[in-house]
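Have a look at the structure below, then the notes.
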Amino acid sequence: MTAEPKDRTAPDTPRSLDFIRAMVAEDLRTSKYGGRVATRFPPEPNGFLHIGHAKSICLNFGIAEENEGGTCNLRFDDTNPITEEDKYARAIQEDVRWLGYDWEDRLYYASDYFEQFYQYAVQLIEDGKAYVDSSSEEEIREYRGTVTQPGRESRYRNRSVAENLDLLQRMRAGEFADGEHVVRAKIDMASPNMLMRDPLLYRIRHVHHYRTGDQWCIYPMYDFAHCLEDAIERVTHSLCTLEFKDNRALYDWVLQNVGIPNPPEQTEFARLNIDYTVLSKRKLIRLVEEGHVVGWDDPRMPTIAGLRRRGVTPTAIRRFCDMIGVAKVDSRVDMGKLEFSIRDDLNQTSPRVMCVLRPLRVVIENYPEGQVEWLDAPYYPHDVPKEGSREIPFSRELYIERDDFMENPPKEFFRLAPGREVRLRYGYYVKCVDVIEDEDTGEVVELRCNYDPETKGGDSPDGRKVKGTIHWVSAEQSVPAEVRLYDRLFTVPDPEDAPEGQDFTTFLNPESMVTLTGSRIEPSVLQDPPGSRYQFERQGYFCSDIVDSSGERLVYNRTVTLRDTWAKIAEREAGRQPGGKVPKSETTGSNRAKGGTKRIRVGSAERDNRVSRYTKELGLSAGDANVLADNPWVREFFEKTLACYDNATAVAKWVVNDVLRVSKSVKDEDLALSHAHLAALVQMVEDGAITRSVAKEVFSEMAETDTDPREIVQRKGLDKVADGTVLDELVSSVIASQPDEAQRYREGKTALLGFFVGQVMKQSKGKLDPEAVKSLLQAKLSE
RNA sequence: UGCCCCGUGGUGUAACUGGCAACACGUCUGACUCUGGAUCAGAAGAGUCCAGGUUCGAGCCCUGGCGGGGCAACCA
């Protein structure tokens, strides 16, 4: 046996599951849906998909892939004909497919279910659970109330079933104009959940639908349609974003009231935010329509189409989604993570090629005029396991990058400068012997260099070192190219957080696209099709533009720069002069509460009396007394338990801490636990018959079944172990079985004491006195 | 001012039934290098929003506070 390899990223290391995957696994274990896993990705075809959707796609399709027999449907949630178009539906399919997911034959449309939705609406009306409301839009809004005030019932709420049915039929038949009637669920106009105040189910819209044409003039609302779509497709796990949290009550209500057995369950997760961009369809539409970008597939857009055109790979997007995880907290991911996953993928897959973005002419004075050498240059560096090379022309006149020359370089700059020598990648060493400047402007226009013929291929026979290697192209054989340098679309991390009177567009980055028209690229790329990806050596990853690039005109988009250590050094250098480092942001921790706060409570006299009775007469802590005073149900439980066992402080602790906990997961009146049994348990602990940890275990069983604690203790043999030898043996054996940890403890990692106590407690099934365990452990470990 | 959700290094997420706060990105060293890339080795950085409480032991359970977000479209 060899030692286990120290590989923290081993693929078979069981990565902890996110809360959704954990839930799916649990549902599978308990066979909640008969072992099925069925998800869906349900876009509305009213815009292009963006990387936030990619998160959802990866989640839904990912879960289906990961589970045997799992399926994920692609379903268009096309219930609002005003905004939806076929071109969007087609683009969405292309994007999902491009990301690498396959819905096989499960392409669905909500519009295919319109007849079924209608029948369900009829059913709800027949059951008296829905009605036709003829109030105006304004009235409905007014009657809905506000978040703090209950709504009022519509005067049409109690129409007869027959009248409702008749009206519904005539709505469908097109007898009414838009807005004349709506159908609403009859739920509760006073519900604290606004969505439950008789939500609209159907509205009249005399609009052409891109799929159903003019077949319908009534269209279902999201809350009515979506859950039914899931139910019709027998979806098991309906995943959506956090803002639908409150809609879940309605989702469940509809399914329950139309009588769907074993209904799908909605779970919400946080939508994706990335800094320096916006990820909401409404805002992206504005960018397109107001011409801030040039279409949905503008490479600056965070749309799938934009990212694709920019040169991002599906793999990079999927890995990014994998990396950011899934949770229930609103958060903002930094762009750096996306960039990392892009580089990480492209580094392994992109051929290297040389392109000079901002050319500076170089004449090699001692190189024969008219001579051209074709040098062999590998496409991939030594550490990328891929084969292939091309020939690049070397000649007397070259171009190098302007940035690679400095007349007065700082010490850390190791590229070209007067008198300095660098290596031309895959070529020769050259030394700068002269600098030619424009007489008027002083701008450097040309460099005169000498080359060392002995250094062909990049090595010198005398072994002298050159630190810098720069890229170049031959002046004559290189071809002109346009290069578009993309940068973040916005200048601030959170563009949506705009001051009064402004909006996110005020933060648009004017330099989000810089077009370079005079770039020169090596000729080897000439035959490559549009969309080809490269690494331009020392610059970044680029992709020839699928729209504008052709044999005549080469256009390249910068996907992402290389990591640039020099830029960091230069920035630091520049920043040192004026004020040095920016002080650490004041906002760090600004959302944290400062210090303690005074508790002000407007108590009734009755409440005050109770608190003082509890603290003074019964000797309870203020905390417990307050809880008891505030919660009538808990108070009653306490009083009744106290009647069975007269130890107020002990009983109060159990009631306040433990009874309250279990009572949260069930309706109060459903709690099985009886006062007498709790009293018995508390007494056993107080009498020293059982330990507290045993008592906790017994308690959780009691909370479910209300068994007599004495019976549980007896059945499981949980009496406290008083025998000192058992304690001694167990402690010794635990220490012996954990020699490494024991060593670490002795070396000062005393936090491990808890670990050891836990081990011993677990092995004794909680029957040992933890205090005794602890002190014995301490003694033995320091021997 | 009602209801609901959520607070863990700079960032995104983990932490099994309460038992060593972990991983990734980023940052900083160093090695290597014909890309100031990649790779490799290492380091710093949180005591889990605050205050009480329960417990031998709390990021996790209880109470109160503070902070952030969602909900008053005939949008989804």
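These values consider heavy atoms only, across backbone and side chains, with no hydrogens, waters or symmetry-generated copies. Letters go in sequence order (proteins before strands), and every chain restarts at 1.
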> Considering only B:C71, B:A76, B:G37, which nucleotide approaches the side chain of A:R352 most closely?
Replying inline: B:G37

> Using purine N1 to pyrimidine N3 plus N6-O4 or O6-N4 for Watson-Crick, or N1-O2 and O6-N3 for G-U wobble, each under 3.5 Å, what pairs with B:C74?
Replying inline: none

>> Please confirm whether the shortest side-chain N or O distance from A:K328 to OP1 or OP2 of B:C6 is below 4.0 Å.
In response: yes

>> I need the A:Y534 OH to A:Q539 CD distance, nearest 0.5 Å.
In response: 15.5 Å

> Out of B:U35, B:C74, B:U54, which has the shortest distance to the side chain of A:V182?
Replying inline: B:C74

> Are side-chain N/O atoms of A:R248 and A:N193 paired as donor and acceptor at under 3.5 Å?
Replying inline: no

> Counting side-chain heavy atoms from CB outward, which of B:U54, B:C75, B:G2 is closest to A:R205?
Replying inline: B:C75

> Syn or anti: how is B:G68 classified when any glycosidic angle within 90° of 0 counts as syn?
Replying inline: anti

>> Should the side chain of A:D334 and the base of B:G26 be counted as holding a donor-acceptor pair, with the cut-off at 3.5 Å?
In response: no

>> On RNA chain B, compare the nucleotides closest to A:T455 and A:E771; which residue's is nearer the 5' end?
In response: A:T455

> Nearest to the side chain of A:F340 - B:C62, B:G12, B:G26?
Replying inline: B:G26

>> Could you check B:A72 for me: syn (within 90° of 0) or anti?
In response: anti

>> Measuring from atom CG of A:L250 to atom SG of A:C227, what distance do you get when rounded to the nearest 0.5 angstrom?
In response: 7.0 Å

>> From NZ of A:K696 over to C1' of B:C56, roughly how many Å is that when rounded to an integer?
In response: 12 Å

> Can you tell me the Watson-Crick or wobble partner of B:A31, both distances under 3.5 angstrom?
Replying inline: B:U39

> If you measure from the Lys or Arg side-chain nitrogens to the Asp or Glu carboxylate oxygens, is any gap between A:E229 and A:R40 under 4.0 Å?
Replying inline: no

>> Measuring to OP1 and OP2 of B:A76, would you say a side-chain N or O of A:R203 lies under 4.0 angstrom away?
In response: yes

>> Is there, by distance only and without an angle test, a donor paired with an acceptor across the side chain of A:E741 and the base of B:C20 below 3.5 Å?
In response: yes

>> Can you tell me if A:K664 touches the phosphate of B:U63, counting only side-chain N or O atoms and a distance under 4.0 Å to OP1 or OP2?
In response: yes

> Do any side-chain nitrogens or oxygens of A:S331 fall under 4.0 Å of OP1 or OP2 in B:U13?
Replying inline: yes

> Within this structure, what is the CG-to-P distance between A:L781 and B:C20, rounded to whole angstrom?
Replying inline: 16 Å

>> Taking only the C1' atom of each, what is the distance from B:A15 to B:A22 in whole angstrom?
In response: 7 Å

> For B:G36, does OP1 or OP2 lie under 4.0 Å from any side-chain N or O of A:R538?
Replying inline: yes

> Of the candidate nucleotides B:C75, B:A21, B:G12, which contains the atom at the shortest distance from the side chain of A:M221?
Replying inline: B:C75

>> Starting the side chain at C-beta, find the nucleotide from B:C56, B:G70, B:G36 nearest to A:M761.
In response: B:C56

> What does B:G64 pair with, Watson-Crick or G-U, if both distances are under 3.5 Å?
Replying inline: B:C50

> For B:C16, which nucleotide in any strand shown is its Watson-Crick or wobble partner with both distances under 3.5 Å?
Replying inline: none

> Given that A:F244 and A:K467 both sit by RNA chain B, which one's nearest nucleotide is further toward the 5' end?
Replying inline: A:K467

> Quick one: the side chain of A:D624 and the base of B:G53, do they pair up donor-acceptor inside 3.5 Å?
Replying inline: no

>> Can you confirm whether A:Q743 is buried at CD, in the sense that more than 12 heavy atoms of other residues, nucleotides or ligands lie under 6.0 Å from that atom?
In response: yes

> Between A:K653 and B:U54, does any side-chain N or O lie under 4.0 Å from OP1 or OP2?
Replying inline: yes

> Looking at A:R144, does any N or O in its side chain come under 4.0 Å of the phosphate oxygens OP1/OP2 on B:C74?
Replying inline: yes

> If you draw the axis of the six-membered ring of A:F19, does the NZ or CZ of A:K328 fall within 45° of it and under 6.0 Å from the ring centre?
Replying inline: yes

> Does A:K568 place a side-chain N or O at less than 4.0 Å from the phosphate oxygens OP1/OP2 of B:U27?
Replying inline: yes

> Is a donor-acceptor pair below 3.5 Å formed from side chain A:R692 to base B:C56, judging by atom type as modelled?
Replying inline: no

> Counting side-chain heavy atoms from C-beta on, which of B:U39, B:G12, B:A76 comes nearest to A:D77?
Replying inline: B:A76

> Side chain of A:K337, base of B:U11: donor and acceptor closer than 3.5 Å?
Replying inline: yes

> When you check the gap from the basic side-chain N to the acidic O, do A:E268 and A:K245 get nearer than 4.0 Å?
Replying inline: yes

>> Please confirm whether the shortest side-chain N or O distance from A:R141 to OP1 or OP2 of B:A73 is below 4.0 Å.
In response: yes

>> At less than 3.5 Å, do the side-chain atoms of A:Q535 and the base atoms of B:U35 form a donor-acceptor pair?
In response: yes

>> Less than 4.0 angstrom between a side-chain N/O of A:T148 and OP1 or OP2 of B:C3, yes or no?
In response: no

>> Less than 4.0 angstrom between a side-chain N/O of A:R563 and OP1 or OP2 of B:A38, yes or no?
In response: yes

> What distance, rounded to whole Å, do you find between the two C1' atoms, one in B:G67 and one in B:C50?
Replying inline: 10 Å

>> Check this for me: does the side-chain of A:R415 come within 3.5 Å of the base of B:G36 through a donor and an acceptor?
In response: yes

> Quick one: which of B:G36, B:G37, B:A73 gets closest to the side chain of A:R282?
Replying inline: B:A73

> Any cation-pi pair here, A:R152 with A:Y143, using under 6.0 Å and within 45°?
Replying inline: yes

